[in-house]
Amino acid sequence: MQSSIFVTTKNYLMAKTDLFESPDYYQLDELLTDEHKLIRKSVRDWVKKEVSPIIEGYAQRAEFPKQLLKGLAEIGAFGPTIPVQYGGLGLDYMAYGLIMQEIERGDSGIRSTASVQGSLVMYPIYAYGSEDQKMKYLPKLATGELMGCFGLTEPDHGSDPGGMTTNFKDAGDHYVLNGAKMWISNAPFANIAIVWAKNQQGKIQGLIVERGMKGFSTPETHNKWSLRASATGELVFDNVKVPKENLLPNVTGLKGPLGCLNQARYGIAWGAIGAAMDCYDTALRYAKERKQFGKPIAAFQLQQKKLAEMITEITKAQLLVWRLATLKNENKATPAQISMAKRNSVETAINIAREARQILGGMGITGEYPIMRHMMNLESVITYEGTHDIHLLITGLDITGEEAFK
Ligand code: TGC
Ligand code: FAD
């Protein structure tokens with residue numbers, strides 16, 4: 001009895017100190033600039049100091065740690081690739097990927113908050129907005145003074161967003177918006193929402209809807225077993241009067257929201273590797289310390305197989321996103337290449353989380369270690385931003401020329 005309390009206490013203490021060391025089996029660091037490494041280090045240090053000590057408690061209580069927003073803004077997580085004149089950092093896509101990797105190493109839900117703010121709220125305003133909209137919103141979104149969310153999915157239209165029914169009508173000096181969005185990250189606390197809706201001609205356009213507009217509400221979604229430290233909600237529009245200047249003027253059609261998804265899916269391709277690295281690192285350390293049958297479990301071939309396959313898959317995924325980053329920096333990355341990377345990284349991560357959980361035995365199911373939280377989070381990550389199936393079909397279409405969605 002005494003010895004089991006001792007073991008639990010010892011493991012508890014081990015788990016609460018974030019000892020993460022990132023695997024770099026193929027010396028990929030040599031492919032990064034000093035600036036990239038510095039950015040990665042500063043985000044990693046922040047995650048170790050601010051996220052790791054508190055995240056398990058927030059996930060267990062299904063609460064969003066709102067106090068992290070200021071720090072996320074300070075480490076440049078909100079719109080790092082947005083030009084400096086609009087409050088961003090003007091960084092390249094390698095830096096953006098590394099930031100997402102490090103944040104998701106802490107928790108996918110916190111990375112979600114950053115992805116949505118940067119790729120799904122700031123990006124559409126930057127890419128499709130008027131100069132006035134950019135100046136009004138982007139600097140405040142970069143500092144976290146304003147937080148945003150992105151409304152594409154509806155109760156009856158998830159993988160098929162083109163079927164959306166949310167719509168707006170021209171009412172003279174304003175538009176009138178009606179409909180509902182579901183599964184919206186950051187909705188419960190967002191100050192603004194980028195809402196994709198059909199105009200009177202049935203064409204999809206984006207509107208900036210502000211909290212406080214009459215008829216706009218954001219009920220929270222409860223009872224999630226995944227992304228418990230991320231706030232998810234609905235967006236409900238009941239005859240909301242939206243000023244005409246809040247329409248994003250420079251895009252029409254589904255390519256508007258899908259263009260934003262390219263940015264966010266790219267970030268997830270990097271981010272999920274962060275979760276995988278955390279599970280691998282935790283399992284490797286545990287396997288070296290945990291003894292059964294008189295020796296560390298790391299000395300058993302079956303555990304070595306798991307660990308060896310994990311580092312192999314992580315290394316392959318790291319190479320894929322590194323190359324994707326270089327293509328993205330040259331503006332040559334195709335949406336299908338991004339889909340392949342998102343799909344591969346998330347599948348890699350979810351498989352590694354499941355194997356790592358087994359290496360920890362019973363301890364693996366507890367909140368003393370991050371693995372089960374990552375595993376449950378990844379069940380959302382494999383579904384949002386396009387499901388695993390949809391990304392496979394995007395690859396299928398790209399290589400065969402045959403569309404198999406419909
Ligand atoms: P389809 O006819 O193929 O395309 C319509 C128009 O869009 C263009 N397009 C793209 N443009 C930019 N980037 C892309 N990735 C694009 N994919 C397609 C296309 O060229 C066409 O343009 P045009 O000019 O001809 O009109 O559209 P479809 O209706 O057949 O649907 C295709 C499909 C299934 C691939 C697409 O709709 C899809 O990706 N579905 C998945 C939906 C999804 O990913 N939803 C994500 C919601 S947001 C979210 O999950 C946030 S989670 C945030 C977090 O917490 O991190
Ligand atoms: P469905 O589209 O109903 O799919 C159900 C199943 O059918 C899936 O397995 C799917 O792969 C399969 N399927 C669908 N179509 C096909 C096909 N043509 N061929 C083969 N199989 C098919 N959305 C936003 O707009 N903004 C957000 O911020 C946001 N945040 C989210 C946060 C969380 C925690 C979650 C879980 C979701 C979030 N989403 C968000 C929604 C997310 O993008 C959708 O859940 C996702 O696109 C899938 O839609 P769906 O859940 O309606 O599933």
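Counting starts at 1 for both ligands and their atoms, in listed order.
Atom numbering of ligand 1 starts at 1 in the shown order; those under 4.0 Å from a heavy atom of F150 are 48 (S). Residue-ligand proximity, L227 to ligand 2, at heavy-atom distances under 4.0 Å covers atoms 34 (C). Those atoms of ligand 1 that come under 4.0 Å of a heavy atom in R111, given as number and element, are 56 (O). Those atoms of ligand 1 with a heavy atom of T153 less than 4.0 angstrom away are 47 (C). Set against the non-hydrogen atoms of V116, the atoms of ligand 1 under 4.0 Å away are 53 (C), 54 (C), 55 (O). Those atoms of ligand 1 with a heavy atom of G158 less than 4.0 angstrom away are 42 (C).
In terms of protein heavy-atom proximity, atom 3 (O) of ligand 1 is closest to E403 OE2, 4.2 Å. In this structure, atom 50 (O) of ligand 1 lies nearest to the protein heavy atom E385 N, 2.8 Å. The protein atom (non-hydrogen) at minimum distance from atom 32 (C) of ligand 1 is F405 CE1, 4.4 Å. Scanning all protein heavy atoms for the shortest distance to atom 19 (C) of ligand 1 gives K255 CB, 4.9 Å. Nearest to atom 37 (O) of ligand 1 among the protein's heavy atoms is P161 CD, 3.4 Å. Protein heavy atom at the shortest distance from atom 36 (C) of ligand 1 is L258 CD2, 4.0 Å. Atom 28 (P) of ligand 1 has its closest protein heavy atom at K406 NZ, 3.9 Å. Residue, atom and distance of the protein heavy atom nearest to atom 29 (O) of ligand 1 are L254 CD2, 3.6 Å.
Here the side chain of K134 pairs a donor or acceptor atom with the backbone of Y126 at under 3.5 angstrom. Distance alone, capped at 3.5 Å, places no donor-acceptor pair between the E309 side chain and the K306 backbone. At least one donor-acceptor pair closer than 3.5 Å links the side chain of K198 to the backbone N or O of M164. Without hydrogens or angle criteria, R354 side chain to Q358 main chain gives no donor-acceptor distance under 3.5 Å. For the pair T166 (side chain) and A180 (backbone), a donor-acceptor distance under 3.5 Å is present. Between the T395 side chain and the H391 main chain, a donor and an acceptor come within less than 3.5 Å of each other.
Both the backbone and the side chain of S112 come within 4.0 Å of ligand 1, judged by heavy-atom distances. If you look at R265 next to ligand 1, the close heavy atoms, those under 4.0 Å, all belong to the side chain. Counting heavy atoms under 4.0 Å from ligand 2, residue E385 touches it through the backbone alone. Counting heavy atoms closer than 4.0 Å to ligand 2, residue T387 contributes side-chain atoms (C-beta onward) but none from N, CA, C or O. Counting heavy atoms under 4.0 Å from ligand 1, residue T113 does not touch it at all. Of the heavy atoms in A264, none comes closer than 4.0 Å to ligand 1. Neither the backbone nor the side chain of D160 comes within 4.0 Å of ligand 2, counting heavy atoms alone.
In this structure, atom 26 (N) of ligand 2 is in close contact with the protein, since a protein heavy atom lies within 4.0 Å of it. Per-atom contact check: atom 29 (C) of ligand 2 touches the protein, criterion being a heavy-atom distance below 4.0 Å.
The nearest non-hydrogen atom to atom 46 (C) of ligand 1, considering only T387, V251, L261, comes from L261. Which of I338, I394, N262 comes nearest to atom 12 (C) of ligand 1 through a heavy atom is settled by distance: it is N262. With atom 41 (C) of ligand 1 as the reference point, the heavy atom nearest to it among S119, S159, S108 is part of S159.
On a distance-only criterion, G162 and ligand 1 share no N/O pair closer than 3.5 Å. Considering backbone and side-chain N/O of F150, one or more are found under 3.5 Å from N/O of ligand 2. Between L152 and ligand 2, an N or O atom pair is found at a separation short of 3.5 Å. Checking only distances, D160 never comes within under 3.5 Å of ligand 1, N or O to N or O.
Judged by a 6.0 Å distance limit and a 45° cone about the ring axis, R105 is positioned over the six-membered ring of F20.
Contact annotation: S380 has at least one heavy atom less than 4.0 Å from an atom of ligand 2.
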